[in-house]
Amino acid sequence: MAGSQDIFDAIVMADESMLLLHRFHGEGYREGYEEGSSLGVMEGRQHGTLHGAKIGSEIGCYQGFAFAWKCLLHSCTTEKDSRKMKVLESLIGMIQKFPYDDPTYDKLHEDLDKIRGKFKQFCSLLNVQPDFKISAEGSGLSF
């Protein structure tokens, strides 16, 4: 009879072990989920801040370049310069309409690509080869 009692004790202990295992598994999952969610938000903010700063730096560089050339071309009146001014005004307009303060704007990358294309078109008219770079030391254009 003692042997059958040991079997029943083993069954009860196994059942209790399974309940404990299930409880600890659930608690571990919840704790891990909460920790992961918190870290995910922090990492997402860091990534967004870095990516936003890069885009802002790039757009700012294009804007400074465009305003400088607007001043340089202001007094020029040839037909070739007139075409440059039209492309330049288009570039400046695109930059000014860019949604800096709306990170949920669904066409952000599409508009950024259009600005890059317009910038390249303007550089082609100027006959310069731009190379926009972002590095730890800073960002900028080189020619």
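- The CD1 atom of I92 sits 7.0 Å away from atom CE of M85, with the distance rounded to the nearest 0.5 Å.
- In this structure the side chain of F119 reaches within 4.5 angstrom of the side chain of C123, judged on heavy atoms.
- Under a 4.5 Å side-chain heavy-atom criterion applied to ILVMFWY residues, the cluster that includes L39 comprises M42 as well.
- Shortest non-hydrogen contact noted between F98 and L112 is CE1-N, 4.0 Å.
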*Step by step, would you call D111 with M94 a side-chain contact (heavy atoms from CB on, under 4.5 Å)?*
CA-CA 8 Å; D111 287 355; M94 294 167 77; over 6 Å; no
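- Of the inter-residue distances, the one linking I95 atom CD1 with S90 atom OG reads 9.5 Å to the nearest 0.5 angstrom.
- For the atom pair L126 CG and L73 CG, the distance stands at 7.0 Å (nearest 0.5 Å).
- Put simply, NZ on K84 and OG on S124 are 10.5 Å apart, with the number rounded to the nearest 0.5 Å.
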*Go through the steps to decide whether E110 and K114 satisfy the test salt bridge (Lys or Arg N to Asp or Glu O under 4.0 Å), and finish with yes or no.*
CA-CA 6 Å; E110 183 180 318; K114 288 179 182 177; 3.6 Å; yes
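- Separating the CD atom in E58 from the CD atom in Q63 is a distance of 13.0 Å, to the nearest 0.5 Å.
- To the nearest 0.5 angstrom, I55 atom CD1 is 11.0 Å from Y100 atom OH.
- Contact annotation: the side chain of R116 approaches that of Y62 to within less than 4.5 Å [non-hydrogen atoms, C-beta and beyond].
- Under the 30°/60° scheme for interplanar angles, the aromatic rings of F122 and F65 are found to stand perpendicular.
- Under the salt bridge (charged side-chain N to carboxylate O under 4.0 Å, His left out) criterion, the residue pairs touching residues 25-50 are R23-E27, with sequence neighbours excluded.
- Shortest non-hydrogen contact noted between A66 and L91 is CB-CD2, 4.1 Å.
- Scored by the side chain to side chain donor-acceptor pair (under 3.5 Å) test, D102 finds T104 as partners (sequence neighbours excluded).
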